[in-house]
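Notes follow the structure.
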Amino acid sequence: MRLAAATLVSGLVAVGVLSGAGTATAGETTQSQGGATATIGGLKTYGTAVIHEKTGDQQVSAGLFEMSVDGGGTLQTYCVDIHNPTQRDAKYHETAWSGTSLGANKNAGRIRWILQNSYPQVNDLATLAAKAGVQGGLTEQDAAAGTQVAIWRYSDHADVDAVEPQAEKLADYLQKSAVDLAEPAASLTLDPPAVSGHPGKLLGPVTVHTNAAGVTVTPPMGAATSGVRIVGKDGKPLTSAADGSQLFFDVPEHAADGSAELTVQASTTVPVGRAFASDTRSQTQVLAGSSESTVSATAGATWAKKGAIPALSATRNCAKEGVDITAANQGDEAFTFELMGIEHSIPAGGSRTVTIPLQEDQPYDFTITGPAGLKERFTGILDCRTQTSETGNTTQILSEPSPATVGGTADDTNLAATGGSSTTPLIAGIAIAFVLIGGAALVLVGKKDAPTQD
């Protein structure tokens, strides 16, 4: 049987897949990339900068944002996307550079150097001023503004200056002194985020990667996963683990086809330079400082007695301008599915990554379904580029709720926003096309067990 289904939600690009042997009832699981998740609270320490564009100079606030971490903790960040808005109370998640504009930016490593060698990592402002040759010293506002300006010059290739001479002097020093550094490791991830196999065997391994001293392990909960344990490679149950630990799902041999999810959690400081992305088109942020914060990650397992047994995961891939869907199949039959009109087949014991191409700024919301009740939903927005004056977009500085911006007002923005994106008509056209096809849902039907619709 092969069945592909796509559901449209408010004009979002939506794709679904169903393939393989018979299914079992299971709850929907949501994919998690791991690390810290936080809510942005706005600019806290900032000065003023001026962006020089073909349309004229515009004044902006420049400095440190503050985020509240889910589960406890505080993050300080600078933005690396000057022309996009910061949405009020937007949710952010820690992510690899490859899922943001930093992935394709050859100067991303220099941005990390700036973060490590300026405020707030260097909070001795007298020493920082001396290194930068700043006469008269630096205030926290000068230090934050100068650091943000230096970052914008590398992240957005912006022609931008700090208004205060001390902040401008710091920005010049940081820009000229920066050297390339490697991307920092994640605070906490699980690799791979999904596994599969037959009941009666250990499914895995799932490897823990973290800078924390240790993590707590929460096993699957609920009647549907009764008897499923999380164990080490020796088969002994685990309630805690460390960096490099290997976790396995121990599924009883008599278990009905199904799926389960484990969670690991820790308290640690998130490495400076980690990217934070939002699924609501809010400015991409880069970490400048972290308190002890709660971080977590999840991994799922799917099992079945026979047929295809896929394990599915997804990540944004800015280098390919799309979302990578990885499907591994530990079953005894091929896992065949159709995605964006193209048929893919993963043989038993095989794995394959398929890239779904998307337009910049394009929202996506799709659920991939498989045998044994597997259901994975992936949502977000592709935000891989920073806008520059070369694209024809201009920066609009919005006054609410940032206290020191100028221009128009908006209820849901904190900082600079672009004008209309060149992709807006395309997204609108996609939405209209789906509505004309048949309202809120488009179903692509397989060729074997269901009738074909033209």
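Model, not experiment: these values are computed from the prediction. Sequence positions, counted from 1, serve as the residue numbers for this chain.
Side-chain atoms of Asn329 come within 3.5 Å of backbone N or O of Ile309 as a donor-acceptor pair. The backbone N or O of Tyr154 lies less than 3.5 Å from no partner atom in the side chain of Asn107, so there is not a single donor-acceptor pair. Between the side chain of Ser293 and the backbone N or O of Gly73 there is no donor-acceptor pair closer than 3.5 Å.
For the residue pair Thr353/Thr326, the side-chain donor-acceptor check at 3.5 Å is satisfied. Ser278 and Gln87 share no side-chain donor-acceptor pair at under 3.5 Å. Looking at Ser282 and Thr280, their side chains never bring a donor and an acceptor atom within 3.5 Å of each other. Between the side chains of Asp156 and His83, not a single donor N or O lies within less than 3.5 Å of an accepting N or O.
Side-chain contact check for Phe249 versus Pro219: every heavy-atom pair is 4.5 Å or farther apart. In this structure the side chain of Thr269 reaches within 4.5 angstrom of the side chain of Glu292, judged on heavy atoms. Between Glu321 and Arg385, some side-chain heavy-atom pair lies under the 4.5 Å cut-off. Considering only heavy atoms from C-beta on, Gln285 stays 4.5 Å or farther from Leu287 through its side chain. Residues Ser177 and Trp113 have side chains in contact (heavy-atom distance under 4.5 Å, counting atoms from C-beta outward). A 4.5 Å side-chain heavy-atom check between Tyr92 and Gln283 finds at least one atom pair inside the cut-off. Residues Asp70 and Thr294 form no side-chain contact, since every pair of their non-hydrogen atoms from C-beta on lies 4.5 Å or further apart. Side-chain atoms of Ile151 and Leu115, non-hydrogen and from C-beta on, do get closer than 4.5 Å to each other.
Taking CG of Leu262 as the start and CG of Leu238 as the end, the distance is 10.0 Å to the nearest 0.5 Å. A distance of 4.5 Å separates OG1 in Thr45 from OH in Tyr119, rounded to the nearest 0.5 Å. Here the CD1 atom belonging to Ile40 is positioned 12.5 Å from the NZ atom belonging to Lys91, to the nearest 0.5 angstrom. Here Phe335 contributes atom CZ and Arg352 contributes atom CZ; the two are 12.0 Å apart, rounded to the nearest 0.5 Å. The structure places OH of Tyr364 at 6.5 Å from OG1 of Thr379, a figure rounded to the nearest 0.5 Å. Leu181 CG to Ile111 CD1: the interatomic distance, rounded to the nearest 0.5 Å, is 11.5 Å.
Ion pairing between a basic and an acidic side chain is recognised when a charged N comes within 4.0 Å of a carboxylate O; Arg281 and Asp361 show such pairing. Look at Glu168 and Arg153 and you find a salt bridge, because one of the NZ, NE, NH1 or NH2 atoms lies within 4.0 Å of a carboxylate O, short of that distance. Using a 4.0 Å cut-off between charged nitrogen and carboxylate oxygen, Asp124 and Lys131 do not count as a salt-bridge pair.
Other residues, nucleotides and ligands place no more than 12 heavy atoms under 6.0 Å from the NZ atom of Lys320.
Tested against Val69 for a side chain to side chain contact (heavy atoms under 4.5 Å, CB included), the candidates Val295, Leu75, Thr74, Thr37 yield a single pass: Leu75. Of the options Thr355, Ile356, Val354, a side chain to side chain contact (heavy atoms under 4.5 Å, CB included) to Asp324 is made by Thr355 and by none of the others.
The shortest heavy-atom contact between Ala314 and Ile325 is CB-CD1, 3.6 Å. Of all heavy-atom pairs spanning Trp97 and Pro184, the tightest one is CZ2-CD, 3.7 Å. In this structure, Arg316 and Asp279 approach most closely via the heavy-atom pair NH2-OD1, 3.0 Å. For the residue pair Leu125 and Glu140, the shortest heavy atom distance occurs at CD1-N, 3.6 Å. The shortest heavy-atom contact between Glu94 and Ser187 is OE1-OG, 2.6 Å. Residues Thr100 and Ala275 come closest through the heavy atom pair CG2-CB, 4.0 Å.
Applying the side chain to side chain contact (heavy atoms under 4.5 Å, CB included) test to Ala241 and every residue at least two apart in sequence or in another chain returns Val208, Val215, Val217, Ser245, Leu247. In this structure His344 satisfies the ring-ring contact (aromatic ring centres under 6.0 Å, His included) test together with Phe337, sequence neighbours excluded. Taking the side-chain hydrogen bond (donor to acceptor under 3.5 Å, both in side chains) definition, one finds that Asp142 meets it with Thr139, sequence neighbours left out.
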Residues Gln330, Val195; criterion side chain to side chain contact (heavy atoms under 4.5 Å, CB included); working and verdict: CA-CA 8 Å; Gln330 292 300 316; Val195 295; over 6 Å; no

Steps toward side chain to side chain contact (heavy atoms under 4.5 Å, CB included) verdict (Leu188, Thr268): CA-CA 9 Å; Leu188 175 60; Thr268 187; over 6 Å; no

Stepwise side chain to side chain contact (heavy atoms under 4.5 Å, CB included) test for Gln76 and Met67: CA-CA 6 Å; Gln76 293 173 300; Met67 293 190 189; over 6 Å; no

Step-by-step side chain to side chain contact (heavy atoms under 4.5 Å, CB included) determination, Val228 to Trp303: CA-CA 11 Å; Val228 178; Trp303 59 87; 3.9 Å; yes

